[in-house]
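To start, the structure itself, in structure tokens.
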2 protein chains.
Amino acid sequence: MKRTSMEGVACPVARSLDVIGDWWSMLIVRDAQLGLRRFGEFQKSLGVAKNILSQRLRHLVAHGILEVQPASDGSAWQEYVLTAKGHSLFPILVALGEWGREHCFQEGEARTELRDKAHGLPLKPLEVRAADGRLLSPQDTRVEQVPPER
Amino acid sequence: MKRTSMEGVACPVARSLDVIGDWWSMLIVRDAQLGLRRFGEFQKSLGVAKNILSQRLRHLVAHGILEVQPASDGSAWQEYVLTAKGHSLFPILVALGEWGREHCFQEGEARTELRDKAHGLPLKPLEVRAADGRLLSPQDTRVEQVPPER
DNA sequence: CTCGTTCGGTTTCATCATGAAACCAAATGA
DNA sequence: TCATTTGGTTTCATGATGAAACCGAACGAG
């Protein structure tokens, strides 16, 4: 009866969600993106129960999104840092942030925003474009079966 | 002890996940994007338990992502269709799909892919850019506290 | 070196969410 | 008219989550 898994499914969206689709994983990745590395830092930032955090970190390491490193400050503890695979989640975070900023706040609510470090300006909204550069809306797209690689 | 909510949190990513961060919501949105509208269609496509689907559809409607309409085929049933707010989740789906395609398949596994309907070509990879058009990596960005609107 | 504290977890247990299956009413349709 | 389909709700067993207690290893002040 287990929680249903998308392992056998051919849809890449489902596959992604199977790996990072739980309540905490993307927030851990977000914090890692911001430079947090230590168990305690994540725990304090997220307010998540320690057993759950422990579970999630293990999961993310197992999936190659985080990796464990010796602490950078010379102590004997370890640190969790994003791998290249983890860093490539960046556009998902940006997309989630953009939607959240737009649709999940009341007027007058305090909020944070991801900005260009160089000028402190907001980012350009994400755009879905065709290979030739045309801006695409959902109706301009279609799901295709693709022959397996190799 | 309830599942922790991000309602009071100022981070737009957390807010988004609070609304669409569960295992099924984005998949329902994906299917809705593909044109599915009826309870039974979603149920068959996702293989989700009917009580859960019922719950999720109610949730998505409550959050203004789907809306209930009289059936388009003249029958007395109702249909669930995306609102503008729901359609604006498109970039998130694309980002998830892109990451999943890249990182969640073994060589030789069958998969699907979102393509440009016009030419059947794959989409251009998503890019995070600054307002002035510069391509940004995570290190080029920073989280800022933004004064509340209005 | 020694002892109290911090860090990074694991264990335990109560509670919530999920999933499977049975059940049901309204709409459909033969 | 009556069986079937649709769109759910209810029930119940089980899995996941969260809070708190617990614990050993590392650290750090003296």
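Quick note on labels: first sequence line is chain A, next is B, and so on, each numbered from 1.
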Are A:R134 and B:D116 within salt-bridge range, i.e. N to O under 4.0 Å?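 A salt bridge links A:R134 with B:D116.
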For a quick test of reading the model: is some side-chain N or O of [X] closer than 4.0 Å to OP1 or OP2 of [N]?
| X | N | answer |
| --- | --- | --- |
| B:W24 | C:dA17 | no |
| A:S54 | C:dT10 | yes |
| A:R38 | C:dC7 | no |
| B:Q78 | D:dG8 | yes |
| B:R56 | C:dG19 | no |

By nearest atom, which of the nucleotides D:dC27, C:dG9, C:dA20 is closest to the A:K50 side chain?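 Closest nucleotide among those given: C:dG9.
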Could you state the atom-to-atom distance from [atom1] of [X] to [atom2] of [N] in whole Å?
| X | N | atom1 | atom2 | answer |
| --- | --- | --- | --- | --- |
| B:W77 | C:dT28 | CH2 | P | 6 Å |
| A:I52 | C:dT12 | CD1 | C1' | 13 Å |
| B:L57 | D:dG7 | CG | P | 11 Å |
| B:F39 | C:dC24 | CZ | P | 18 Å |
| A:Q55 | C:dG8 | CD | C1' | 15 Å |

By the 4.0 Å heavy-atom rule, please label B:Y80 as base, sugar-phosphate, or nothing.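 Sugar-phosphate, no base atom in range.
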Classify the nucleic acid contact of B:Q43 as base, sugar-phosphate or nothing, counting any heavy atom under 4.0 Å across all strands shown.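 No contact.
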Is it the case that B:S54 and B:N51 place a side-chain donor and acceptor less than 3.5 Å from each other?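 Result is no, nothing qualifies.
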Between C:dG19 and B:N51, counting only base atoms on the nucleotide and side-chain atoms on the residue, is there a donor-acceptor pair under 3.5 Å?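 Such a pair is found, so the answer is yes.
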